[in-house]
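First the proteins, then the strands, lettered A, B, ... as listed; each starts at 1. Predicted model only: the values in this text are computed from it and were never measured.
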Amino acid sequence: MPRAVGRTSHVGNETSLRSASTTAADQPSARATGRAIPRTSFSAVRRLAVLLVLLLALGFTSLLIGRYPISPSAVLGILASALLPTTSTAPATMVTVVLDVRVPRVVAGVVVGGALAAAGAAYQSLFKNPLASPGLLGVTSGAGFGAALALLLGLPWIAVQTSAFTFGLLAVATAYLVARWLGNGSLVILILAGVVISAFFQALISITQYLADPLTTLPSITFWLMGGLGKVTQRDVLALVPISVGLFVLLALRWRVNVLSLGDEEAMALGIDLTRTRLIVVLSATLMTAAAVSLSGIIGWVGLVVPHLARAVVGPNFPALLPASFLLGGSFLVAIDTVARSATSAEIPLGILTALIGAPFFIALLARARQGWV
Amino acid sequence: MMLTVDWLEFGYPGRSLVLNGISLKVCPGETLAILGPNGSGKTTVLRCLLGMNRSYRGTIRLDGHDLRTLPRAEVARRVAYVPQMTNLVFPFTVFDVVLMGRTPHLKPFGTPARRDHELAWEALERVGIAHLSKHALSEVSGGERQLVLIARALAQQSRYLLLDEPTANLDFGNQVRVLEIIRTLARDGFGVLMTTHFPDHVFLACTRVALLKGGRIQASGTPDEVVSDEQLSELYAVPIHVASVPMGDGRHSMKVCLPVFR
């Protein structure tokens, strides 16, 4: 990443958020000893707060925009009536549009974007690879096949989601077991196993597309693979469970994930149980990604690009990088989804837009970051 | 209190032994050098001592505890490792990296607290690079990077330091600086074990030396006893002469190793 970032942004965001919040109390004593111990300035926390405000602002703005524009005050009134014991004066259609259509969709955008970006950040630290993305070990291809299979069999939507989630987990489990069987815990073997399993499930997806009825089933498979939040309803709140579990575990392990980015040998010499820590990180990231994908279909680029953006904002330390990635990923996807559903009369599939925006963005990032890791 | 290695044997399945009956001992306050040609097993010894190669035969004891029975974090609290180089993909700062030395002292889900920051800062001051704390590790020079890794090992507060060729890839001045720090650390009570490709450095910074060849100890003892024409020539299979050079007013002398060309 760029030098400027190294200089300005992490004066001390090496610490956790927890210790950052105690900084105020510590400062007098640091001054008393006369030493400039580099401590977490408010910098990391402040930057995370800005990202949170950005997310809330984008989420609120997204509630206003659509084929049926609603004024900020009306949206506020409707939200208040839903949360507080007040009654809204807004017409019933407006209430339905906000509460039943837009709110679930914005929440899904935050959760899916956040989960993909957080999982991507975890994988980039774990694999010490700036090009790692959440789909690295085959979770998205597996989920894609699961969804395509259920669509081919004409199963209801809930079954499509369950099948996507299950096959996503299954693909990663297979890659992990193959790597265990082949190699003695080598990360390269694990990545290669992931690539192979991804290719395998891609082929299975192609088979379902080949077999699908070109007039009815094939379009629905194709649209699923392009991703979108159009089918999200309030019922999908269930997907929050695996995503929260994964996020919580990654948060608990935030320092250990940080140490993993030193490399196997040094992490081990610092007392980290590599096999176990890696397994837990892979499991958490996979749970999050599989749940996100089962909500939205395949949305590329978020998990690859957003962690880099987050690193430019808060630095490479995972305790700050993880929440920053989640917040930025949520903002990114909500913004893009708002464009996707309101730019044209027909909805643009999300996966297309994230790639259209993500690719040039990534090139710009590479140009800035050349001296960092290329 | 010491680190002892008894009849250490290690090999990869289906291949001949890399280490074949190694016995070593490091006490706090002394510096043991392992000298040996490429492929003699120096790094493998370090990996065994760090608990990375667990399928060895023989015994390794840390202050009387069998290495195999100690949990990983406990090993890390007793033995710190200074790798030859580190390659970080992401732009961590010097301070970030040194702070990671506190990892074995943290609770499973913990992050460094105020005390850990202070210890990391002290470690940086001790090796004299506190002014670099905010720089990205990739921005500092090779010599400074070696000092960062030493500082990280100090932040780890382990009694034993294992250094893998600490002076490799450094310019002459930085070699001297690193050797001087190693001497100071041994004086301060650390037990230091370092591998090296420079026999001269054994005279400069080490109290004892073991010559490792083909996975066996060829000789061990004090530098004056062991590092001789015969032993070095046999170790490296080229003729080598160990000369004594008068220093300063002539009352001291230093030994240096020179190749003999035919």
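Counting heavy atoms of neighbouring residues, nucleotides and ligands inside a 6.0 Å radius, atom CZ of B:R183 does not exceed 12 of them. The environment of B:R68 atom CZ is dense: over 12 non-hydrogen atoms of other residues, nucleotides or ligands sit within 6.0 angstrom. The 12-atom threshold is exceeded at NZ of A:K128, counting heavy atoms of other residues, nucleotides or ligands nearer than 6.0 Å. Other residues, nucleotides and ligands place more than 12 heavy atoms under 6.0 Å from the CZ atom of B:R54. Atom CG of B:N87 has 12 or fewer heavy atoms from other residues, nucleotides or ligands within 6.0 Å.
For B:R152, the part lying under 4.5 angstrom from a heavy atom of chain A is the side chain only. Only the side chain of B:R47 comes within contact range of chain A, judged by heavy atoms closer than 4.5 Å. Using a 4.5 Å cut-off between heavy atoms, A:D264 does not touch chain B at all. Only the backbone of B:P108 comes within contact range of chain A, with heavy atoms under 4.5 Å apart.
Atoms CG and OG1, on A:L253 and B:T111 in that order, are 12.0 Å from each other to the nearest 0.5 Å. The CZ atom of B:F92 sits 7.0 Å away from atom CG of A:L262, with the distance rounded to the nearest 0.5 Å. Atom-to-atom distance recorded for B:D164:CG and A:E265:CD is 7.5 Å, nearest 0.5 angstrom.
Smallest separation of non-hydrogen atoms from A:R256 and B:T103: NH2-O, 4.3 Å. Shortest non-hydrogen contact noted between B:G101 and A:L270 is CA-CD2, 3.8 Å. Closest approach of B:Y81 and A:A269 over heavy atoms only: CB-CB, 3.7 Å.
Put simply, the side chain of A:E266 does not reach to within 4.5 Å of the side chain of B:V97, judged on heavy atoms. Between A:F127 and B:V89, every side-chain heavy-atom pair lies at or beyond the 4.5 Å cut-off.
Interface with chain B: from residues 119-126 of chain A, residues A:Q124, A:S125 qualify, criterion being any non-hydrogen pair under 4.5 Å.
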Margin query: Assess the residue pair B:M100 and A:N258 against the criterion (side-chain contact (heavy atoms from CB on, under 4.5 Å)); give the C-alpha distance rounded to whole Å, side-chain angles, the decisive distance to 0.1 Å, and a yes or no.
Written below: CA-CA 8 Å; B:M100 290 193 200; A:N258 217 21; 4.0 Å; yes
